[in-house]
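Here is the structure we will look at, set down as structure tokens.
Every chain is numbered from 1 and lettered A, B, ... according to where its sequence line falls, protein lines coming before strand lines. Just so we're clear, the structure is a prediction, and the values are computed from it rather than from any experiment.
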Amino acid sequence: MKPFRYERADDVASAVATVTDDPRAAFLAGGTNLVDLMKMEVATPGVLVDVRHLVSHDIEDLPDGGLRIGAGVSNSMVAADRRIRRLYPMLSQAILAGASYQLRNLATAGGNFLQRTRCVYYRDIATPCNKREPGSGCSARGGHERDLAILGASEACAATHPSDMAVAMAAVDAVVHTQGPAGERTIPVNELLRLPGDEPWRDNVLERGELITAVDLPPLAVAANSRYRKVRDRASYAFALVSVAAAVEVADGLVRDVRLALGGVAHKPWRAFTAEQALLGAPATEENFHAAAEAELAGARPLPGNAFKVPLAANTIVSMLRALTEEAR
Amino acid sequence: MDVEILLRVDGKEHRLTVDTRTTLLDALRERLGNTSPKKGCDHGQCGACTVLMNGQRVTSCLVLAVAGEGAEIVTAEGLAEGDELHPVQRAFIAHDAFQCGYCTPGQVVSAVAMMREAQAGWPSVVTEDLDADVVVLDDREIAERMSGNLCRCAAYANIVPAIAEVARP
Ligand SMILES: Cc1cc2nc3c(=O)[nH]c(=O)nc-3n(C[C@H](O)[C@H](O)[C@H](O)COP(=O)(O)OP(=O)(O)OC[C@H]3O[C@@H](n4cnc5c(N)ncnc54)[C@H](O)[C@@H]3O)c2cc1C
Ligand code: FES
Ligand code: FES
């Protein structure tokens, strides 16, 4: 690890100011991703500004029926929250499907969104990687392709976003609150994380020094009938090959509302808007589920080492819609 | 960069000066001589370093000592009451729930916290009814809730029964 200074700021404004003014400074929350990357010298901040005590540790009811999760709430507490288990079960399940209890007790809601890719080349400073070292090239194509993206990748980068939580957050249209050098703003989760394009070093749209303070879950009736399924190389404590967050509401045999998002397939949680559009108002049949999944994946550009993800994602979407609509019947 | 910190470990307070790069795991092992938390992977991937921090199990290899300042830390060593081993420790011995023993302190601390989490009604990803008030720790639940602790000797076949004996007396 490179030497660094550690600071506990007294308030959000001074934490934001420190990181805004010093390009070597970074926020520290649970540390489960940042400290790991610092050990491998993938991340080499010169100053760590500990924000865990600065951001809220509470989950509040919002007047519109939604919930506000403070950025400092641990992943464990989000997953265990009674309201979230009842109103947004796919979010509880997504978090519980990730990492381990030990890690989720440390990890925060804010830090989870901003964890870096698990692409093995990003995490190995001995290999070229456009995300870690702009312009150095991509070692992943033609290398270990199993974890790479099938949707929305660019020539420069085919890494995937590793978060499970963010996939469920994308499905419910969660909105992040931030405070940065230019003041406060809100950013929909579906716009927070970005595709790599020709700037793969930018995982998200945050400005330098912009701190996530909370994330809002909007009221969403369909989310009460939802689930998260994660397909991985071992039954637990492994990142997703493919994961699906799905919510669906059926009335008189027709799809009244639906939310679908995929993990493990892109540089960001992949909200399946095309499949949702195809399903809305359509009869809730196996045939239509297949057609919707195929429409979503029509744009997939898999590599030889991850082509299996295309049918895997389609089959997972279909089986989840089937299970959720059978339960509703 | 050196900083002075206060660590509370197994009921005792320690003032020490550490480099900011020191992890809680290294501070416990190298500075305080408490070698019950083990260094397996040093990257959060094995659970050998598990300790309780303010009552919750955490991987101490990913906690900076300076960030753990003031927190209440309990290691496997601190679970025993003098010569009286914790029930989970006794169950591990009775069931021969280890071979080399390297993962054992982490497993034991983790199991103790796991039972408290279940008591508090925390679900797991294999819990069928997410809304249930009471968690039944069957073998499948135990395996999932303990999946953050790897055992290279694969003593799982005895670890699960050892924990089950305490979890479902
Ligand atoms: C072995 C292992 C297995 C894992 N498995 C999974 C898995 O299966 N699924 C999964 O989803 N995750 C998994 N994780 C990742 C884990 O979920 C993340 O490391 C964690 O959520 C990050 O949160 P943190 O609070 O620890 O962030 P930190 O490590 O403290 O920070 C992460 C990043 O976010 C920035 N940051 C933190 N808080 C804020 C804020 N409020 N505002 C702005 N920036 C901020 C930091 O500067 C840093 O860049 C795993 C991790 C490990 C080590
Ligand atoms: S040493 Fe901490 S998890 Fe392996
Ligand atoms: S007993 Fe050897 S690693 Fe578990």
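A:Ser236 and B:Glu144 share a donor-acceptor pair across their side chains, judged by distance under 3.5 Å alone.
Most heavy-atom pairs under 4.5 Å with chain A, from the set B:Met53, B:Met1, B:Met146: that is B:Met1. Ranked by heavy-atom pairs shorter than 4.5 Å toward chain A, the options B:Val51, B:Val3, B:Thr127, B:Asp42 are led by B:Asp42.
Contacts of A:Val73 classified as side-chain contact (heavy atoms from CB on, under 4.5 Å), with partners at least two apart in sequence or in another chain: A:Ile59, A:Ile69, A:Met77, A:Val78.
Between B:Asp129 and A:Arg85 there is no salt bridge, since no side-chain N of the basic residue sits under 4.0 Å from a carboxylate O of the acidic one.
With a 4.5 Å cut-off on non-hydrogen atoms, A:Thr32 touches chain B through its backbone and its side chain both. When heavy atoms are compared at a cutoff of 4.5 Å, A:Arg123 approaches chain B solely by way of its side chain, counted from C-beta outward. In this structure, chain B has a heavy atom under 4.5 Å from the side chain of A:Leu28, while its backbone stays farther away. For A:Arg104, no part lies near chain B; criterion is any non-hydrogen pair under 4.5 Å. Heavy atoms of B:Ser124 lying under 4.5 Å from chain A belong to its backbone as well as its side chain. The parts of A:Ala97 that come within reach of chain B are both its backbone and its side chain, each placing non-hydrogen atoms under 4.5 angstrom from that chain. Proximity to chain A (any heavy atom under 4.5 Å) is shown, for B:Val66, by both the backbone and the side chain. Looking at B:Cys49, there are no atoms closer than 4.5 Å to chain A (heavy atoms on both sides), in backbone or side chain. The contact between B:Gln45 and chain A is made by backbone and side chain atoms together, counting heavy-atom distances below 4.5 Å. When heavy atoms are compared at a cutoff of 4.5 Å, B:Val63 approaches chain A solely by way of its side chain, counted from C-beta outward. If you measure heavy-atom distances from B:Asp19 to chain A, you find no contacts under 4.5 Å at all. With a 4.5 angstrom heavy-atom cutoff, B:Asp2 does not touch chain A via any of its atoms. Contacts of A:Lys2 with chain B are made by backbone atoms alone, with heavy-atom separations under 4.5 Å and no side-chain atom involved.
Summarising the local packing, CD of B:Glu81 is surrounded by 12 or fewer heavy atoms from other residues, nucleotides or ligands at distances under 6.0 Å. Heavy atoms of other residues, nucleotides or ligands lying less than 6.0 angstrom from CZ of B:Arg140 number 12 at most. Other residues, nucleotides and ligands place more than 12 heavy atoms under 6.0 Å from the CD atom of B:Glu72.
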Handout entry: Audit row: A:Gln102, B:Asn149, side chain to side chain contact (heavy atoms under 4.5 Å, CB included) steps and yes/no
Key = CA-CA 9 Å; A:Gln102 287 97 314; B:Asn149 292 82; 2.8 Å; yes
Practice task
Show your working on side chain to side chain contact (heavy atoms under 4.5 Å, CB included) between A:Tyr101 and B:Met114 and close with a plain yes or no.
Solution key: CA-CA 8 Å; A:Tyr101 281 85; B:Met114 185 276 283; over 6 Å; no
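Taking every heavy atom of both residues into account, B:Pro123 and A:Ala80 meet most closely at CD-CA, 4.0 Å. Residues B:Cys46 and A:Tyr237 come closest through the heavy atom pair N-OH, 3.4 Å.
A heavy-atom distance below 4.5 Å is found between the side chains of B:Thr23 and A:Lys39. Between A:Arg82 and B:Asp133 the shortest side-chain heavy-atom distance falls below 4.5 Å.
We find the CG-OG1 distance between A:Leu103 and B:Thr59 to be 4.5 Å, quoted to the nearest 0.5 Å.
For the pair B:Arg21 (side chain) and A:Phe4 (backbone), a donor-acceptor distance under 3.5 Å is absent. Under the 3.5 Å distance criterion, the side-chain polar atoms of B:Arg57 are left unmatched by any main-chain donor or acceptor of A:Asn105.
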Table please: side-chain donor-acceptor pairs of residues 45-53 of chain A below 3.5 Å, with sequence neighbours left out.
unit_1  : atom_1 : unit_2   : atom_2 : d
A:Asp50 : OD1    : A:Arg52  : N      : 3.1
A:Asp50 : OD2    : A:Tyr6   : OH     : 2.4
A:Arg52 : NH1    : A:Leu106 : O      : 2.7
A:Arg52 : NH2    : A:Leu106 : O      : 3.4
A:His53 : NE2    : A:Ala9   : O      : 3.1

